[in-house]
J.: 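Can you keep this structure in mind? I'll have questions shortly.
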Amino acid sequence: MDKVWLIISREYSTRVRKKSFLIMTLLGPLLFVGFMAAAFFLTQSDERSYQVVLTDAEGLFGKVLFMEEFENSDFVKFNFYPGSMTDEEFKEGPYDLKVDVVKEAIYSQNLNIFYKDHPSFKIQKHISAQLEQNFEKVKLADNQVSKETYESIKTKINLRPLDIDKVGATDLDPEIGWALGFILAMIIYIFIFLYGAQVMRGVMEEKSSRIVEVIISSVKPFQLMLGKIVGVAAVGLTQFLLWIVLSSVLFSTAQLIMGDAIADPSTLVNQQMSPEVASEMQAEWAGGNEAMKEFFKLYHQTNVPFILGMFLFYFLGGYLLYGSLFAAVGSAVDSESDTQQFMIPLVMPLVFAFIVAETAITNPDGAAVFWTSIIPFTSPVVMMIKVGMMGMGFQEMDYFSLTISMLLLVLGFIGTTWLAARIYRVGILMYGKKVSYKELWKWLRYY
Amino acid sequence: MAHLRAEHIHKRYRDHRALDDVSIQVPERSIFGLLGPNGAGKTSLIRIINQITGPDEGRVLINGRPITREDIAIIGYLPEERGLYKKMKVGEQAIYLARLKGMSKSEARKKLRIWFDRFGILEWWSKPIEDLSKGMAQKVQFITTVLHEPELLILDEPFSGFDPINAELIKSEILRLRDEGATVMLSTHNMGSVEEICDDMALINKGKVILEGKVKEVKDRFKEEVYDVFFTGEVLGFTNALWTGFELLTKETTSDKMTKARVRMLDGNHVNELMEAIMPHVKVNEVKEVIPSMNDIFIKVVTNSTQDNG
């Protein structure tokens, strides 16, 4: 057992001391914060303004529509053009966007907008909001309904699901639970492939440098494989921990430097959005105080130890399950280019799991979600999403499938480790042979 | 007493029989040469002794009892395919390998200093392996093999990859280790070194032992009653004298009128009869028995056994 420790500590210390580890550890949070900052500055950056021309082939303006009721913004200027404008005239003319306003358009759901440069979503949003507003007025007039009457009958409903057993506890959007689970599942997924690949490369290095025979004359192949998998896991956990620490340090520094912009959404909203969009967003943010209250409510209803514990369990379980398979692949091949054919079956289940995970939000009790949340190859992703929803109280605690899922994951990684060890012990001493699945099957049956 | 004994080892791989009822005995405090052409099964046998793979049948005994995992601490194994972690530093790596064999860190460091000093490579301690030449890395690997003072050393092709000077160094180290009490089993293609350092040997071909015993005895067994006679005088008279009871194989005249003739004894004749026959005709300077080299024996035995089988 102390030999396994020796192997673990070698795997750990050589990797942690590598320059690439240091670079990745420092670069990870920098990239993360950098991307956030880049996204922020990109949305902040000056957008060009668009000249929109509204053509009036049917002479509607002045009678039902009024040009002065179209509000311009910093980025959108509305212009009037009497009569119809040919494509040639639009191309030659000074306008960037063209909308043909005809009676039929007012009553249809879709409206064409011709462009020279594709307008951004924000620009489109502003234009459509203005058109909606003005078209509504036309419709009100057509139906002889007053604006006041219309406002009073206009109805918007936000459904708030309330659990009858915990009335008062939950009035938040279950999507938050799903999103939390999704982020955690994503971390597990990335970790499995990042560090699984490291295990694979480590095994290949030992094989190609031929040191493996020296080592397995001192320890069992299984001990060597296990030591490597656990050692790499420890490296991953270390890096992960450092990322969290560094990210939070960087993030708070960035917040200090950039001032209120990131912290307070209202400034962000006012600066760059049209009032129409801004008011919508502001309603969503519901003001600072309200948001804080919501946050604390959220925090109180979240079972943090449960989510954290489950995360660690599925994180390690998923890694161990796949890590040993990566080790087996590494042992079977001579070079990195031969790994391709064996990688696909390793990637597929998790990709499939994410597809199923999408449906978990609409149908959390469906058969697809149930089965993928207990099958070990997909459970680290799918069950994590359920854990997110359960842990935040959006879903009943499903102890039954949780127990089965955890049990199967443990059995699963014991199984794959056993399987991998059988391939590994043959593979590491096999050189110069292009290995097929048929060959691997033979190795499994050696005793 | 046999330090290491392999009894009736069989090992079959899917498409061929690697070892077919192989038994060997390695006496204590001696050097044992495991010989054989490429693909004969040497490495298969060595891997079984090192418990890297298991035999299909048969067993390995060490000091008279079946070998166990615990015995790896008393075995030093140098595989044919050499290798070390390229990025790891020499000293660190040597300590790691020593600890895997059960040595403590401080003990490993102390002994490594002594060995590195003896090999004159102390200044490599902090260099990564990838900066070393192949021969340098081989020296380091040899040290890591013998560092824990194993009572049984198993060396697969220990001289390959060394220049003559370093091969000589390794040879003298192997002899020294034997004199200090170790039992050494080595496989090699280098027949010269077998004659020089091996006490016992076994020759495997196609998974079977086809020749074994003390090196001296094996060589004696292959003596063919052939003698080299150096003389001066009438060559014709010499030839006539060998008319019956002897066969003249070759003859050549060297510079100072000296002739060297290779003669085979027939009809149970001995050197005495040879002398009687030739002394009246020529002046004999020297008579020397021709002892076959291991190289000749190797080629002869392997060629014969291959023909018999195929």
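Nothing here was measured: the structure is a model prediction, and the numbers come from that model. Naming: A, B, ... by sequence-line order, numbering from 1 per chain.
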J.: Are more than 12 heavy atoms, taken from residues, nucleotides or ligands other than A:Phe193, located less than 6.0 Å from that residue's CZ atom?
T.: yes
J.: Heavy-atom distances under 4.5 Å only: say whether A:Lys18 touches chain B with side chain, backbone, both or neither.
T.: neither
J.: Between B:Arg82 and A:Glu213, is any pair of side-chain heavy atoms under 4.5 Å apart?
T.: no
J.: Within a reach of under 6.0 Å around NZ of B:Lys89, are more than 12 heavy atoms found that belong to other residues, nucleotides or ligands?
T.: no
J.: For the residue pair B:Tyr85 / A:Glu205, report whether a side-chain donor-acceptor contact shorter than 3.5 Å exists.
T.: no
J.: Please examine the side chains of B:Met88 and A:Thr14, heavy atoms only from C-beta on, and report whether any two atoms are closer than 4.5 Å.
T.: yes
J.: Select, from B:Leu97, B:Ile72, B:Thr144, B:Leu100, the one with the greatest count of heavy-atom pairs under 4.5 Å involving chain A.
T.: B:Leu100
J.: Give me the atom names and distance for the closest heavy-atom approach of B:Tyr96 to A:Leu6.
T.: CE1-O, 3.7 Å
J.: I need the B:Asn50 CG to A:Ser218 OG distance, nearest 0.5 Å.
T.: 9.0 Å
J.: I need the B:Leu84 CG to A:Ser209 OG distance, nearest 0.5 Å.
T.: 7.5 Å
J.: Counting heavy-atom pairs under 4.5 Å with chain A, which one of B:Lys86, B:Gln141, B:Glu92 comes out on top?
T.: B:Glu92
J.: Quick one: pull up NZ in B:Lys87 and CZ in A:Arg15 and give me the separation to the nearest 0.5 Å.
T.: 12.5 Å
J.: Please report the interatomic distance CG(A:Asp2) to CZ(B:Arg99), rounded to the nearest 0.5 Å.
T.: 9.0 Å
